[in-house]
Amino acid sequence: MFRALLTSRLQAAFTAAGIDLPEGFTPGVVIASDTRFGDYQSNAAMVLAKQLKTNPRALAEQIKAALQVEDLCEKITVDGPGFLNLTLSPAALAQRLSVIVKDDHVGVPQVEKAKTIVVDFSAPNIAKPMHVGHIRSTFIGDSLARVARFIGHKVITDNHVGDWGTQFGMIIHGWKTQLDQSKLKADPIHELVSVYKAVNAAARADEAVLEVCKGELVKLQQGDAENLGIWKECVRLTLEQLEKVYGALDIKFDHYLGESFYNDALTPLVAEMLNQGIATISEGATVVFSDGSLKPESDPFLIRDKDEWKPAPCIIRKGDGGYLYATTDLATIDYRVKEWQADEIWYVVGAPQQLHFRQVFAAAQRRGITTKMIHIAFGSILGPDGKMFKTRSGETVGLLEVIDEAIERVRNRMDEIESNQELYRAIDTENQALNERTLIKPQAPKNYTATEKDEIAHIIGGGAVKYAELSQNRLTDYKFSWDKMLSLQGNTAPYLINAYVRTRSIFRKLEGTVSLSEDLAITEPAERALAMKLAQFAENAHDILDDHRPNLLANYLYELASAYHAFFEACNVLRAEGTVRNTRLTLCEATSRVLKTGLGLLGIQTTERM
RNA sequence: GCACCCGUAGCUCAGUGGAUAGAGCAGCCGAUUUCUAAUCGGCUGGUCGCAGGUUCGAUCCCUGCCGGGUGCGCCA
């Protein structure tokens with residue numbers, strides 16, 4: 001990986017030049033912000049010159065003279081106020097290409113120290129459908145887990161299903177009084193939701209109904225056999241449906257340890273926290289107050305009111321003895337640390353829950369837990385009107401509906417292309433009147449079987465939905481738009497998959513097995529730009545986890561696909577011969593491998609034809 | 001009231017100390033007897049919310065304000 005190599009060479013150059021580095025300063029090399037100047041650049045001279053109060057350009061020249069990079073670079077220049085610009089040699093790029101084509105990690109180095117990372121994501125609720133609100137957590141979490149695994153970490157994915165909570169009082173009451181068995185059989189979640197909604201409405205109108213529901217909940221919590229049976233059936237039916245959804249999305253979990261899994265741990269946990277003096281009883285509830293060890297500004301158990309800091313405790317047991325979300329989360333942390341020896345736990349949960357996690361993490365740390373806990377937050381999903389997409393009120397869009405709609409659009413696009421092919425062939429080429437833009441080039445007839453067409457539509461449609469989410473910065477609010485999410489034009493999954501398809505189609509045209517040699521010569525600008533992009537995957541794959549942002553990967557893949565499309569138009573592969581042909585075929589193979597791997601890390605599959 | 005997130009082209013968004021701020025969509029012009037046109041090339045489009053500050057250098061860091069959103073003791 002060039003960045004790491006060049007960085008270590010740069011550091012060596014400082015030593016060789018006899019420049020003492022100030023405390024806390026490590027010179028670095030980054031990918032050039034402007035490719036006109038080179039491939040990599042370093043601002044070290046300017047940063048250091050500021051501290052040493054010397055001339056940055058002179059310093060840069062001094063470093064340049066000491067820099068030993070003949071094997072990697074063909075050009076080193078000092079430009080502007082003191083930029084050190086490095087241009088890789090074609091030979092170094094070619095050597096890199098050979099690695100990408102052979103290595104099963106396409107040239108991406110493994111982490112030096114593998115960590116055990118638990119990724120907590122998706123977390124749907126029992127008896128509720130997965131809706132668009134679950135898109136972010138599910139796709140981001142899955143992608144981050146894949147990336148971490150790919151670069152060598154030990155990853156444990158855990159779906160912390162919402163299978164225990166106050167909503168079960170209403171569901172059980174509804175199950176007993178108004179469940180329609182035939183509807184339940186046909187569409188379990190749908191029936192459970194309508195039962196829940198009906199009871200919820202009734203309870204709102206009538207206090208007595210609410211009391212009955214509370215009673216059912218207490219019976220459930222006390223282990224009443226009938227209620228427990230109903231609850232188990234709800235969980236079973238919902239999980240069965242969830243498996244289908246995850247199957248369609250190509251997402252797997254190592255564990256499904258829902259909230260109920262920790263029920264038995266809650267009472268001892270609270271008792272222990274009381275014993276340790278971490279928790280206290282306040283107004284009947286058991287709560288965690290600030291212990292004063294943190295500065296008030298960063299203490300999650302304090303809130304400022306005018307000029308004074310007032311307590312903002314975290315409740316771990318209600319006055320009525322009931323446990324809460326925070327209690328379960330603390331028990332879950334215990335389990336993950338003890339049973340799995342987690343070095344890190346990642347929570348892929350929306351930004352509104354930030355305070356909750358700050359409190360839970362702080363409470364866990366007070367209990368002596370040193371595992372690194374990270375809340376990987378993301379913005380809200382907004383409706384077309386720019387307002388919050390609320391789950392409780394109004395209609396929500398089901399996750400499967402979105403996927404199905406996307407697949408349908410892909411199918412339409414495929415049909416359109418097919419009919420254009422027929423139309424084009426039917427036209428007399430001398431008939432100018434019909435020579436309109438709507439006509440596209442007649443491709444070789446694709447002759448898909450029905451199964452192939454289904455598979456392709458599924459891969460591209462599902463990929464389009466995932467890509468629409470993953471190509472965005474997770475922190476910005478997400479405006480839900482069918483067109484944006486399902487668009488097949490521009491920076492979308494179909495664009496990337498199309499680049500992959502183009503690589504494969506070239507190899508299909510070749511007779512017999514192809515053997516690529518290491519006789520490479522990168523000469524054309526489009527070849528060079530593509531080779532450069534390919535080499536950068538080694539860096540990009542690691543950078544994604546710096547701030548847990550899959551959109552960096554999406555951006556990279558888009559740029560790679562773009563470079564490939566440009567190369568494809570500029571450099572014909574099959575008509576070339578000798579070294580040129582071998583070089584271009586190698587570029588195609590490398591692109592093919594990096595695209596397939598990279599899309600795979602986003603959870604997106606590829607297809608050979610489209 | 002306090003805290004957090006957001007404010008960048010007509011629209012949707014990248015870009016968390018570097019050089020002349022970038023894409024996609026929309027609009028306009030062009031490219032195909034040639035490896036998949038779900039493509040490529042070009043043009044048009046910006047007081048990076050406002051005002052200060054730090055810096056050789058700020059969309060990015062700090063302070064204040066404006067606008068939008070979310071959260072804040074017994075829901076998850």
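Chain naming here is simple, since letters A, B, ... match the order of the sequence lines and numbering starts at 1 in each.
We find that Arg504(A) and Glu608(A) are joined by a salt bridge, their nearest charged nitrogen and carboxylate oxygen being less than 4.0 Å apart. Here Arg474(A) pairs with Asp547(A) in a salt bridge; the nearest charged N to carboxylate O distance falls below 4.0 Å. Comment: Asp415(A) engages Lys453(A) in a salt bridge, judged by a side-chain N to carboxylate O separation of less than 4.0 angstrom.
Note on Ser33(A): a base of the nucleic acid sits closer than 4.0 angstrom, heavy atoms only. Residue Leu324(A) is in sugar-phosphate contact alone, with no base atom involved, counting any heavy-atom pair closer than 4.0 Å across all strands shown. Residue Ile303(A) is in base contact, counting any heavy-atom pair closer than 4.0 Å across all strands shown. Base contact: Tyr325(A) has a heavy atom under 4.0 Å from a base atom. As judged by a 4.0 angstrom heavy-atom cut-off over every strand, Gln41(A) is placed among the base-contacting residues. Note on Asn572(A): a base of the nucleic acid sits closer than 4.0 angstrom, heavy atoms only. Here Asp320(A) lies out of heavy-atom contact (under 4.0 Å) with every strand. Across all strands shown, Tyr323(A) has heavy atoms under 4.0 Å from sugar-phosphate atoms exclusively, and none from any base. Within 4.0 Å (heavy atoms only), Gly162(A) reaches no atom of the nucleic acid at all. At a threshold of 4.0 angstrom between heavy atoms, the contacts of Val287(A) with the nucleic acid are absent. Asn85(A) comes within 4.0 angstrom of a nucleotide base, judged by non-hydrogen atoms across all strands. Contacts of Gln167(A) with the nucleic acid, taken as non-hydrogen atoms under 4.0 Å apart, are absent. Residue Gln359(A) is classed as having no contact, given no heavy-atom separation below 4.0 Å to the nucleic acid. Within 4.0 Å (heavy atoms only), Asn498(A) reaches sugar-phosphate atoms of the nucleic acid but no base atom.
Checked by distance alone, Asp163(A) brings no side-chain donor or acceptor within 3.5 Å of a matching partner on the base of A76(B). Judged by distance alone with a 3.5 Å cut-off, no donor-acceptor contact links the side chain of Lys50(A) to the base of G17(B).
Remark: the separation of the P atoms in C28(B) and U44(B) is 16 Å, to the nearest Å. Separation of the P atoms belonging to C5(B) and C60(B) is 15 Å when rounded to the nearest angstrom. Taking atom P in both C48(B) and G22(B), one finds a spacing of 14 Å when rounded to whole Å. Straight-line distance between the C1' atoms of A76(B) and G67(B): roughly 31 Å, to the nearest whole Å. Between the P atoms of U59(B) and A9(B), the separation comes to 15 Å (whole Å). If you take atom P in U20(B) and the same atom in C25(B), they sit 28 Å apart, rounded to whole Å. Here, U63(B) and A26(B) have their C1' atoms 40 Å apart, quoted to the whole Å.
Between the CZ atom of Phe361(A) and the NE2 atom of His356(A) there is a distance of 8.0 Å, given to the nearest 0.5 Å. Once rounded to the nearest 0.5 Å, the distance linking CG of Leu488(A) with CE of Met414(A) reads 11.5 Å.
When each of Thr476(A), Leu475(A), Ile140(A) is checked for a side-chain contact (heavy atoms from CB on, under 4.5 Å) with Phe378(A), only Ile140(A) meets the rule.
Donor-acceptor pairing under 3.5 Å is recorded for the side chains of Tyr467(A) and Asn491(A). Side chains of Ser260(A) and Asp163(A): a donor-acceptor N/O pair is present below 3.5 angstrom, by distance only.
The side chain of Phe37(A) lies closest to A19(B) when the candidates are A38(B), A19(B), C35(B). When distances run from any side-chain atom of Val410(A) to the nucleotides G18(B), C40(B), A38(B), the shortest one goes to A38(B).
Under the stacking criterion of a centre-to-centre distance below 5.5 angstrom and an interplanar angle below 30°, Phe83(A) sits stacked against the six-membered ring of A19(B).
In RNA chain B, consecutive stretches of 3 or more Watson-Crick or G-U wobble pairs with both distances under 3.5 Å are given as paired ranges: B:1-7 with B:66-72, B:10-13 with B:22-25, B:27-31 with B:39-43, B:49-53 with B:61-65.
Residues Val465(A) and Ala406(A) share a closest heavy-atom pair of CG2-CB, 3.6 Å.
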